[in-house]
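Naming: A, B, ... by sequence-line order, numbering from 1 per chain.
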Protein chains: 2
Amino acid sequence: MSVTIADVAREAGVSVSTVSYVLSGKRTISAPTRARVEAAVDRLGYRPHAGARALASARTNVIALMAPLRAGVDVGVIMQFVAGVVLRARHYDHDVLLLTQDDVRGAERVGAGSMVDAIVVMDVETHDERLEALARLRQPTVLIGLPEEPGTLSCVDLDFEAAGRAAVRHLTDLGHRRLGYVGHPGAVRERGTSFAVRFDRGVADAAQAAGASLVAQDCDGSPEQSVAAVEALFAADPRITGVVVHNEAALGHVVTHLVASGRPVPEAVSVVTVSPPEVAARQAVPVTGLDIPAERVAHVAVDMVLARVDGDEPAETRLLTPTLTDRGSTRPLG
Amino acid sequence: MSVTIADVAREAGVSVSTVSYVLSGKRTISAPTRARVEAAVDRLGYRPHAGARALASARTNVIALMAPLRAGVDVGVIMQFVAGVVLRARHYDHDVLLLTQDDVRGAERVGAGSMVDAIVVMDVETHDERLEALARLRQPTVLIGLPEEPGTLSCVDLDFEAAGRAAVRHLTDLGHRRLGYVGHPGAVRERGTSFAVRFDRGVADAAQAAGASLVAQDCDGSPEQSVAAVEALFAADPRITGVVVHNEAALGHVVTHLVASGRPVPEAVSVVTVSPPEVAARQAVPVTGLDIPAERVAHVAVDMVLARVDGDEPAETRLLTPTLTDRGSTRPLG
DNA sequence: TACCGTAGGCGAAGCGCTTCGACACCGGCA
DNA sequence: TGCCGGTGTCGAAGCGCTTCGCCTACGGTA
């Protein structure tokens with residue numbers, strides 16, 4: 001069929017094993033021999049057969065990525081993440097096998113079938129039904145998100161609690177002491193990756209630590225509810241000067257309504273958010289906030305999971321510290 | 001390591017080859033024997049080793065998908081397409097290996113390395129530098145788009161010429177005889193997948209056939225150019241009553257400006273477009289148009305390329321006929 | 001009754017690669 | 001001079017699966 005390692009060996013006048021060692025670098029080979037082999041490889045256009053390699057070495061150089069491919073609000077972020085995983089995987093000379101979120105047996109299939117060396121799972125929920133199957137596989141797995149019971153699985157996520165604290169502290173450092181908070185609907189707090197709960201806690205803690213008052217309001221992100229949430233905040237405390245928005249979908253509506261209702265941003269109200277930088281930046285008033293670094297999370301995920309492939313290192317959970325980008329939607333009180 | 005076919009054979013009290021034949025169905029096996037084997041498989045949780053299978057059978061049950069993962073305007077459409085490919089591949093019991101567009105040697109790597117059975121390439125340009133390498137691979141390939149020289153490669157795309165004709169005919173059937181057309185900038189006509197050129201031709205042909213006048217205007221999709229394009233059309237012919245927009249990015253701006261400048265849609269001007277249905281539907285005035293069926297294209301692409309895997313059928317180019325969805329942005333003249 | 005075709009099963013030869021152990025050769029040391 | 005430890009190379013044994021050819025039974029036909 002195509003050119004095999006035996007062809008290369010013959011062409012270079014060495015044995016098959018020598019060619020293999022030249023290619024893998026796992027034994028020292030003298031410079032002249034190595035040169036002959038490399039020349040033969042080039043001349044014949046040799047490419048090792050991935051299946052044969054996988055069979056003999058128990059390594060495939062492929063990682064599985066389970067991603068939510070349904071069209072949704074945050075498609076852009078998902079793409080960024082997927083691209084980040086592919087890029088980073090290539091950096092380690094790995095390819096990426098794409099599985100969809102709803103292919104519940106997908107991980108099991110590719111894992112048990114030894115098609116991949118490791119598995120990255122996006123969008124993990126607090127009580128995720130896939131975890132059990134994942135834990136049984138011999139491939140290391142990394143989860144994006146923080147389930148209640150990670151067991152022996154690694155996790156990466158943004159440190160939402162720190163993000164909540166940082167968001168509030170940014171406001172209190174500017175002197176704001178009467179704060180509003182637009183969060184997620186209760187349903188998200190249950191499911192989700194617990195990020196909502198963690199963020200809430202960070203917000204509350206920091207407000208208390210700074211001696212600031214805090215009015216919170218859930219919001220599903222619709223234009224109506226967003227407007228209503230803003231009004232509810234100011235009804236509860238008309239003197240609010242700082243607002244934290246942890247709801248990508250609502251962000252635009254909240255800002256627009258603040259301005260439209262005679263509360264210009266940042267002149268009357270300072271606004272801080274957590275979101276992908278692109279989302280925060282493209283609002284009518286660009287919004288200062290904590291960036292969700294999709295690509296960085298992707299990189300870290302791949303790094304972590306590949307580190308575990310042949311090391312017997314234990315699982316680990318890593319929370320990335322968010323960084324705040326000032327886009328001018330806040331200003332000192334007074 | 002894990003359960004092998006030999007374990008299953010032992011457990012079922014048959015030979016290894018018998019187990020293999022039960023699994024593949026390539027030879028008749030008596031019902032009782034088959035049952036024993038299947039029971040053993042279940043009991044042991046046996047999964048064939050993909051690498052071993054690939055080595056022995058020269059089939060991997062994986063297809064490569066080369067997709068543009070950079071964040072762009074049409075991320076949603078790309079995702080739809082990717083999801084469509086994965087779904088359809090699963091339907092044939094295949095998995096999908098994801099390559100990025102800019103990984104120029106990616107296809108060569110996975111192809112020559114026998115990691116995949118077939119290759120799907122998105123976003124092919126008229127003179128695509130990847131074509132040559134793809135043609136050299138032994139795996140069948142299907143291109144999304146229509147390059148100038150497909151050679152032995154298969155292609156799928158929407159029939160943009162038919163779409164152009166249908167768009168115009170929809171207007172002329174309603175009695176419109178003075179038409180405007182907002183197209184792509186010249187640069188896109190050069191690159192791209194020639195779809196712009198093909199659409200242009202369809203539009204011009206149909207206008208001529210119906211004896212309608214046609215004023216065309218290029219547009220890069222920016223708000224400014226979109227407004228300028230509309231004004232240019234009506235400057236050239238103030239009596240235009242029907243407009244064809246073949247520019248996703250411009251569509252919103254064109255519609256908005258028509259309405260804002262006292263030319264309500266559809267009361268004063270009928271508008272027809274070609275775009276993904278979601279885009280047409282979410283405009284201020286939902287726009288009637290020819291749908292770009294991302295998922296259908298994906299399905300057809302997978303069907304075509306897998307059909308060629310072990311058949312020696314020749315390459316083929318398929319142009320999908322677009323269908324028109326009426327969203328109320330057109331009305332009879334008068 | 002003798003024969004043949006077929007269904008049902010087995011053995012073994014690869015598929016192309018990695019890797020372990022063996023071996024030859026060389027220079028340095030006692 | 002003899003021995004020892006590296007260094008560089010080779011041979012061969014798998015890795016787990018598919019598939020070809022072969023063999024046995026058995027039922028049907030002449």
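Straight-line distance from the CZ atom of A/Arg10 to the P atom of D/dC10: 14 Å, rounded to whole Å. Rounded to an integer number of Å, the gap from CZ of B/Arg34 to P of C/dA7 is 13 Å. In this entry the distance linking CD1 of B/Ile5 with P of D/dT19 reads 11 Å, nearest Å. Counting to the nearest Å, the C1' atom of D/dC15 and the CZ atom of A/Arg59 are 16 Å from each other. D/dC17 atom P lies 14 Å from atom CG of B/Asn61, rounded to whole Å.
Not a single donor-acceptor pair under 3.5 Å links the side chain of A/Thr100 to the backbone N or O of A/Leu69.
Non-hydrogen atoms lying under 4.0 Å from DNA chain C are contributed by B/Leu55, B/Ala56, all within residues 44-57 of chain B. The stretch residues 14-33 of chain A touches DNA chain D through A/Val14, A/Ser15, A/Ser17, A/Thr18, A/Tyr21, A/Arg27, A/Thr28, A/Ile29, A/Ser30, A/Thr33, each having a heavy atom within less than 4.0 Å of the strand.
A donor-acceptor contact under 3.5 angstrom links the side chains of A/Ser15 and A/Thr18, judged on distance only. For the residue pair A/Thr321/A/Asp159, the side-chain donor-acceptor check at 3.5 Å is not satisfied. Side-chain contact, A/Thr33 with A/Ser30: a donor N or O sits under 3.5 Å from an acceptor N or O. In this model, no donor atom of one side chain and acceptor atom of the other lie less than 3.5 Å apart for A/Arg47 and B/Ser114.
A salt bridge links A/Asp103 and A/Arg109; the closest N-O separation between the charged side-chain nitrogens and carboxylate oxygens is under 4.0 Å. The existence of a salt bridge linking A/Asp123 and A/Arg70 is confirmed by a sub-4.0 Å separation between a basic side-chain nitrogen and an acidic carboxylate oxygen.
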Notebook entry, point to check: Is there a side chain to side chain contact (heavy atoms under 4.5 Å, CB included) between B/Asp7 and B/Tyr46 once you walk through the steps?
Noted result: CA-CA 9 Å; B/Asp7 299 326; B/Tyr46 167 70; over 6 Å; no
